[in-house]
Structure formats: C-alpha cells, structure tokens
There are 2 protein chains.
Amino acid sequence: MPVAKGARLDPARTRAEILRAATALFYAHGLDGIGVAELCARAGISKETLYRHFGSKDGLVEAVLEARSDRTVHWLERAAEAAGDDPERQLAAVFDALEGWYGEPAFRGCAVVNAAIQHREGPALGIAVRHLVRYHDLLTGIAARAGAADPAAVGAQLLYLLEGATVVAGHQGGDGARGPTGQAKAAALTLLRAAR
Amino acid sequence: MPVAKGARLDPARTRAEILRAATALFYAHGLDGIGVAELCARAGISKETLYRHFGSKDGLVEAVLEARSDRTVHWLERAAEAAGDDPERQLAAVFDALEGWYGEPAFRGCAVVNAAIQHREGPALGIAVRHLVRYHDLLTGIAARAGAADPAAVGAQLLYLLEGATVVAGHQGGDGARGPTGQAKAAALTLLRAAR
DNA sequence: CCTTCATCGAACCGATCAGTTCGATGAGAG
DNA sequence: CTCTCATCGAACTGATCGGTTCGATGAAGG
C-alpha cells in the first residue's frame with residue numbers, strides 16, 4: 001500500500017485495495033461511522049483517487065456491498081458442495097461454517113444486512129433483499145434434495161435460523177451477557193428432519 | 001401538541017411527547033438519519049426543552065430504547081399469558097403477535113436491535129443485549145413448561161427464529177422481492193415439539 | 001399582584017462531513 | 001527524451017450537525 005507519488009500501478013489493483021480497506025472499515029464502524037477522509041488515509045490513497053474510481057461514497061458503499069454479498073454467498077455454497085451429496089451433511093456444513101464465523105473476534109453480524117438497516121434508502125436495501133433471496137435459494141435447494149414437501153417453506157425456516165443466529169451472535173463481544181450459542185446447527189437439522 | 005409559548009403543562013407529559021415522537025422518527029429514519037433540529041420541529045418543542053429533559057441526543061436515544069425494549073417484551077409476555085397454560089399455545093400466540101407486527105406497513109425490524117447495529121458504541125448495544133436476554137428468558141420459560149430436556153437451548157433456538165424472522169420481514173416493503181413469510185410460527189412449533 | 005420557571009424561537013458556535021480543485025510528482029509509453 | 005496521466009496532498013466549499021445561549025412569553029402558585 002505504500003504507493004509512491006506518481007505510482008502507475010494497475011488501476012484495478014488500486015480499486016481492489018480501496019475496496020478491501022472500505023469493506024473492513026464500514027463493517028467495523030458502520031457506514032456513517034467512517035468519513036471519506038479517514039477512509040482514504042487508512043487505505044493509503046487520496047480522495048481524488050477514490051472519487052475517480054467510485055464517484056461517490058454511496059458508489060463505494062454499493063461496490064463494497066455487492067462484493068461482500070457475492071463472497072459470502074459463494075463461501076456458503078462452497079461449504080455445502082464440499083460436504084458431499086447428503087443434504088443433512090450439507091446443511092450441517094453451512095451452519096458449521098457460520099458458527100466458525102461467529103467466533104471471530106471482529107464478527108459484527110452480516111455486513112449486507114447491517115448496511116440495509118443503517119441506510120434504508122439508497123442501494124443497500126435492494127442488495128440486502130437480493131442477498132437474502134440467494135441465501136433462501138441455497139437453503140431451499142438443500143430442503144428440496146432432502147425431499148421436503150414444501151422446500152421453499154423449509155428454506156424460509158432455515159433462513160430465519162441463519163439470520164437470527166447471525167444477529168444474536170453479532171451482539172456478543174462488546175459486553176458480557178452472552179446468550180447460548182451453538183444451537184443454530186442443531187435447530188436447522190431438527191427442522192430439516194421434521195420436513196421429510 | 002400545539003403548546004403555547006409559556007405553557008406550564010405537566011413536564012412529564014412534555015417528556016412523554018418527546019419520547020413518542022423520537023421513537024417513531026428514530027425507527028423510521030435511523031438514529032443518524034434524523035437531526036435534533038428536525039426532531040424538535042416534529043415533536044413541536046424547542047431544543048432547549050429537549051436538552052433539559054434528556055441532556056443530549058444520546059440520552060434521548062437511551063431513553064427511547066429502554067422504553068421500547070420494555071414495551072415490546074411486555075407485549076409478548078402478555079400475548080403468551082393470554083393464551084392460557086398450554087406451552088404450545090403460548091408459543092403460537094407469541095409468533096402470531098409477531099407476524100401481525102410484521103404486516104404493519106411501517107415495520108422495519110426491531111428498533112432496539114437496529115439501534116445496536118447502527119451505534120456499536122454508546123448505550124445501544126448494552127440495551128440490545130439485555131433485550132435479547134429477556135426474549136430468551138421468555139422463550140426458555142415456554143420450553144421449560146413444555147418439558148424440554150434443555151430449556152435454555154430450545155429457548156436459544158426459538159430466539160434465533162424470532163430474530164431471524166424479524167430481520168427478514170424488516171427487509172420487505174421498500175422493494176418487491178418478498179421472500180416467503182408466515183413460516184416462523186410453524187418452525188417454532190416444530191422445534192418445541194421436537195424437544196419434548 | 002407578583003414571583004417563578006418551563007417553554008419558545010432564533011441566533012449562534014465549533015466541528016465534521018462529502019465532495020471539488022489544483023499544482024506537483026513521477027512512472028510508463030512512444 | 002518527452003508526453004501522458006494516475007496519483008498525491010493539501011486547501012477549499014457549502015452544508016449539516018449537536019449543542020449552547022438568551023430574551024420574550026405566559027401559565028401556575030403564593
């Protein structure tokens with residue numbers, strides 16, 4: 001990142017570096033909790049560079065959220081695929097991955113959903129809705145392969161569990177008062193088995 | 001609320017009116033989406049009155065969140081009590097109440113949880129953690145009365161469902177793209193029955 | 001009647017913010 | 001070597017924000 005004055009690096013690399021820094025800062029401090037000036041300082045770039053690449057702070061937020069949604073969804077899809085063909089194993093793998101995420105010290109919930117809660121207007125809400133639909137599709141697919149009578153309904157139930165566990169886990173770290181965790185996978189498997 | 005210049009109304013009533021307006025405005029626009037000046041205008045009071053009652057915007061936020069948490073928890077407790085002695089009926093009543101709430105056009109998710117997501121520092125996070133603990137206590141009590149082997153674990157599972165359904169429902173209204181709803185109660189009952 | 005005081009309304013303050021502009025710099029391309 | 005242009009860094013703008021202050025007002029209480 002120590003880009004010199006007249007550096008002519010790959011512009012795509014500059015853009016990626018801005019995205020990387022902005023993703024972490026928006027997640028940690030909230031969309032309104034970090035200013036463009038500080039963001040540029042932390043990313044090691046100038047304001048002019050940021051505005052040439054993204055046009056506005058909202059444009060940067062949109063790019064960050066799109067990338068974050070893609071990464072998270074693909075991460076869970078890969079976790080399910082890697083678990084083999086058994087739908088129960090796939091579901092267990094998804095929730096194992098999630099619970100590993102919850103344990104990271106910087107975990108603060110889902111960045112996309114959090115952003116939509118912070119900025120009801122603007123691109124965040126639409127991206128979050130699509131994000132939830134993708135989660136729902138993933139879980140509905142597992143329910144369908146498990147032979148559920150109404151896969152979309154079971155997918156919705158599993159989606160509630162996933163999002164609820166994420167929200168609850170996201171509130172643990174600042175204070176004490178941690179509620180019981182590790183129940184999300186058990187609940188998900190119970191719901192899937194009850195649907196067959 | 002058209003309070004005249006030298007009005008000597010019950011100060012407690014003035015305070016309550018500020019709280020009422022602030023609760024709605026913070027919920028609709030977010031904690032950072034509404035300024036003190038506009039809030040005062042909408043509440044029909046002057047800035048000096050607001051600052052005498054609450055000291056700061058953060059003080060007002062704290063009072064709003066405390067009151068909102070109390071109201072919501074008591075509302076669900078009453079819904080459960082009114083359903084009689086059968087734990088399954090109590091759980092159904094809680095999720096019926098929630099799903100009625102989700103259908104309101106102004107529904108935007110849980111104000112307390114949303115606030116903690118917006119302001120990670122300050123009083124919001126602590127209030128939200130306590131809020132979730134109270135929800136967990138309510139649901140754990142139902143699980144215990146239903147004879148669950150591990151009531152706290154079942155309470156956590158139900159808490160995930162409750163929060164997840166709230167978050168998902170809170171993202172439906174701005175855009176189209178509504179996911180399946182109405183599955184929260186069915187999932188909750190499935191989990192409760194599986195635990196007996 | 002007269003004191004008290006909650007209230008209004010408007011001006012004011014310092015800080016911060018998103019976004020713009022510009023001269024200087026230096027690496028890569030021809 | 002020279003032109004191009006992405007980049008830096010710093011200054012600047014206009015708006016908004018949270019919070020303070022103050023004189024005027026008028027209802028309640030003695």
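Quick note: numbers below take in every heavy atom, side chains included, and nothing from hydrogens, waters or symmetry partners. Letters go in sequence order (proteins before strands), and every chain restarts at 1. Everything numeric in this text was worked out from a predicted model, so none of it was measured.
Between A:Tyr102 and A:Phe107, the ring-plane angle classifies as tilted under the 30° and 60° cut-offs.
In this structure, the CG atom of B:Leu31 is 14 Å from the C1' atom of D:dG18, given to the nearest Å. In this entry the distance linking CG of B:Leu50 with C1' of C:dA10 reads 16 Å, nearest Å. In this entry the distance linking CG of A:Asp58 with C1' of C:dC17 reads 13 Å, nearest Å. Atom CG in B:Leu25 sits about 13 Å away from atom P in D:dC17, given to the nearest Å. For the pair B:Ile18 CD1 and C:dT7 C1', the computed distance is 11 Å after rounding to whole Å. In this entry the distance linking CG of A:Asp32 with P of D:dG18 reads 11 Å, nearest Å. If you measure from atom CG of A:Leu39 to atom P of C:dT16, you get 17 Å, rounded to the nearest angstrom. One can place CD1 of A:Ile45 at 14 Å from C1' of C:dG19, the figure rounded to the nearest angstrom.
A close approach under 4.0 Å does occur between a side-chain nitrogen or oxygen of B:Thr14 and OP1 or OP2 of C:dT7. Contact check, A:Thr49 against D:dC8: a side-chain N or O comes under 4.0 Å of OP1 or OP2. Contact annotation: B:His53 side-chain N/O to C:dA6 OP1/OP2 distance is not under 4.0 Å. OP1 or OP2 of C:dT7 has at least one side-chain nitrogen or oxygen of B:Arg52 nearer than 4.0 Å.
Among C:dG19, C:dT7, D:dC8, the nucleotide with an atom closest to any side-chain atom of B:Ser46 is C:dT7. In the set C:dT7, D:dG18, C:dA18, the nucleotide with an atom closest to the side chain of A:Lys57 is C:dA18. Each of D:dG18, C:dA18, C:dT7 was ranked by its minimum atom distance to the side chain of B:Glu48; first place goes to C:dT7.
Annotation: cation-pi pair A:Arg68/A:Tyr27 present, NZ/CZ under 6.0 Å from the ring centroid and within 45° of its normal.
You won't find any donor-acceptor pair under 3.5 Å spanning the side chain of B:Lys47 and the base of C:dG9, going by distance alone.
Salt-bridge formation is detected for the pair A:Glu17/A:Arg20: a Lys NZ or Arg NE/NH1/NH2 atom is positioned less than 4.0 Å from an Asp or Glu carboxylate oxygen. B:Arg134 has a carboxylate O that lies under 4.0 Å from a charged side-chain N of B:Asp70, or vice versa, which qualifies the two as a salt bridge.
Of the possible polar contacts, one joining the A:Lys57 side chain to the A:Leu31 backbone as a donor-acceptor pair under 3.5 Å is found.
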